[in-house]
Amino acid sequence: MLDLRATADAVTTNPLGDELRGTRNAKPCSIVILGATGDLTKRKLVPSLMGLAKDGLLPAGFAVVGFARRAWTDANFRKELADGVRQFGRPDTSSHFEALADAFTFHQSDFGEAAGYAALATKLEQIDRARGTAGNRLFYLATPPSSYSAILRNLAATGLSAERNGRFARVIVEKPFGRDTATAQALNEQVRAAFRERQVFRIDHYLGKETVQNILALRFANGIFEPLWNEKFVDHVQITVAESIGVGSRGGYFEESGIVRDMIQNHLMQVLTLVAMEPPAALTADAVRDEKVKVLKAIRSFRPEDVDGATVRAQYTHGSFAGEDVKGYREEDGVAIDSMTETYAAVRLQVNTWRWANTPFFLRSAKRMPRRATEVAIHFKQPPHLLFEDGKTHQPNVLLLRIQPDEGVALRFGAKVPGPNIRIRDVRMDFRYGTAFGGETADAYERLLLDAMVGDGTLFARADEVEEAWRIVDSIVAGWKQSGARPEEYVAGTWGPERAESLLGPGRSWRKP
Ligand code: BG6
């Protein structure tokens with residue numbers, strides 16, 4: 001269950017204090033990280049586990065086994081992790097790692113080697129006896145997707161994926177979850193051959209962000225927004241995930257994916273479903289996900305000939321950023337000189353439901369934008385009759401959900417400028433997380449790791465959600481392929497190509513966060 005009370009009561013109680021602890025008890029378990037020598041373990045997973053330790057949210061019986069090909073010892077593994085916690089963890093988490101270091105061990109094996117999994121099973125039983133992990137196992141697939149199939153096959157063959165005698169066996173699958181519908185379906189088949197859906201946790205770290213969860217709190221814990229949340233009052237919605245970084249050392253990966261697969265298929269579609277969904281009957285994993293998947297089902301696949309009119313794609317060219325020269329995308333390492341991969345995409349989507357019939361949703365994501373900013377902007381319609389003639393200085397209302405950074409919610413509205421004349425100017429009512437709640441914000445992975453240990457799948461993508469999102473993205477990619485047009489260009493450090501403005505239609509323009 002998604003715990004909205006933790007957000008709502010946070011002004012008076014510590015959101016990570018007794019209340020949260022009382023409602024979200026993780027059972028004792030061993031976490032097996034497959035691909036444990038990779039960056040994710042060091043940067044995110046173990047620092048996040050230590051964040052949970054700091055907040056008293058780890059179970060008493062707890063162990064982590066790092067499973068990977070490299071010939072590391074327990075000591076090597078612990079040293080890497082200690083470095084990771086120091087560099088990437090929340091303040092004061094290193095001491096928690098020192099106290100728990102014995103709980104981390106390394107298991108060397110090839111992902112395709114059956115004997116390695118049999119030895120893992122024996123090791124996990126020893127750990128159960130030594131550390132009280134009670135036979136519960138959480139497998140984290142943190143390898144490149146090419147290893148998933150071998151891992152899933154071996155976990156099933158050794159019986160490690162089976163739930164027995166009330167002991168849980170769960171799997172967390174990292175993104176990318178396939179690269180199109182066909183590969184996502186094939187992966188879902190492989191997952192299903194080893195685990196039941198309730199054992200599977202497909203991670204999308206955006207769902208672990210407090211501000212993304214706050215979309216549901218804002219909509220369903222308040223009486224004033226929901227009556228306006230429909231096509232009668234909302235002109236359009238803009239969802240933006242802008243990053244200032246380029247592709248950096250990930251050129252090879254990015255070439256194969258592009259922004260539409262890397263960001264829109266997962267993070268932006270997930271945010272879209274939370275904004276557009278109907279109220280669920282309950283805050284249970286399936287009730288919430290049933291409503292989310294209905295949103296995706298209500299978006300038609302594009303016909304190839306319609307894609308160019310409903311999307312804009314582009315690549316960044318050489319430019320300057322914070323006073324420094326930065327490379328264009330096609331000059332980055334691992335990127336083809338004639339690459340057709342997009343680093344910017346903007347898409348117009350229509351959710352064909354009674355609620356949203358005439359309200360377009362515009363999704364935009366890009367690298368090398370002037371600023372890092374993720375936000376949802378609900379643009380309301382003009383009042384039916386404009387009493388004040390000052391239309392130029394006064395714009396329609398916007399409810400802005402700032403996901404990151406500078407997390408908060410703002411409402412833009414018109415106010416009278418003091419003085420003898422009636423002049424209207426836009427002003428803002430602003431709620432800031434930092435000011436209202438204070439304290440440290442936990443990393444998204446903390447919440448998601450805890451939920452997987454608790455067994456709550458609400459903030460994870462279900463098989464049908466992933467496949468529906470791919471269906472839409474596939475139709476975009478197919479249209480681009482058919483048209484064969486080169487991506488447009490934008491100078492690194494700018495807000496993207498001109499044509500993206502015309503995508504919105506008359507009287508609308510993209511926000512510049
Ligand atoms: C990842 C993408 O899923 O999300 C990256 O693969 C991207 O390309 C990252 O940079 C953005 O995440 P965040 O949390 O920094 O917005």
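The structure presented is a predicted model; accordingly, all values stated were derived computationally and were not measured. One-based numbering, in listed order, for ligands and for the atoms of each.
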Worksheet item: Which residues satisfy the salt bridge (Lys or Arg N to Asp or Glu O under 4.0 Å) test with K294, sequence neighbours excluded?
Response: E291

Fill in: Nearest heavy-atom neighbours spanning L349 and L363
CD1-CD2, 3.8 Å

Worksheet item: Are E255 and T341 close enough, and set up right, to give a side-chain hydrogen bond (donor to acceptor under 3.5 Å, both in side chains), and what steps lead you there?
Response: CA-CA 6 Å; E255 269 290 85; T341 303; 3.2 Å; yes

Worksheet, complete the sentence: Near ligand 1 (heavy atom, under 4.0 angstrom), the protein residues are K175, H205, Y206, K209, E243, R250, D262, M263, H267, K367, R372, Q404

Item to complete: Verify whether one side chain among T343 and Y490 offers a donor that lies under 3.5 Å from an acceptor in the other.
Response: yes

Practice prompt. With sequence neighbours excluded, give me every salt bridge (charged side-chain N to carboxylate O under 4.0 Å, His left out) pair touching residues 467-476.
Written response: E468-R471

Worksheet item: What pairs of residues pass the salt bridge (charged side-chain N to carboxylate O under 4.0 Å, His left out) test when at least one of them lies in residues 181-191, not counting sequence neighbours?
Response: E189-R192

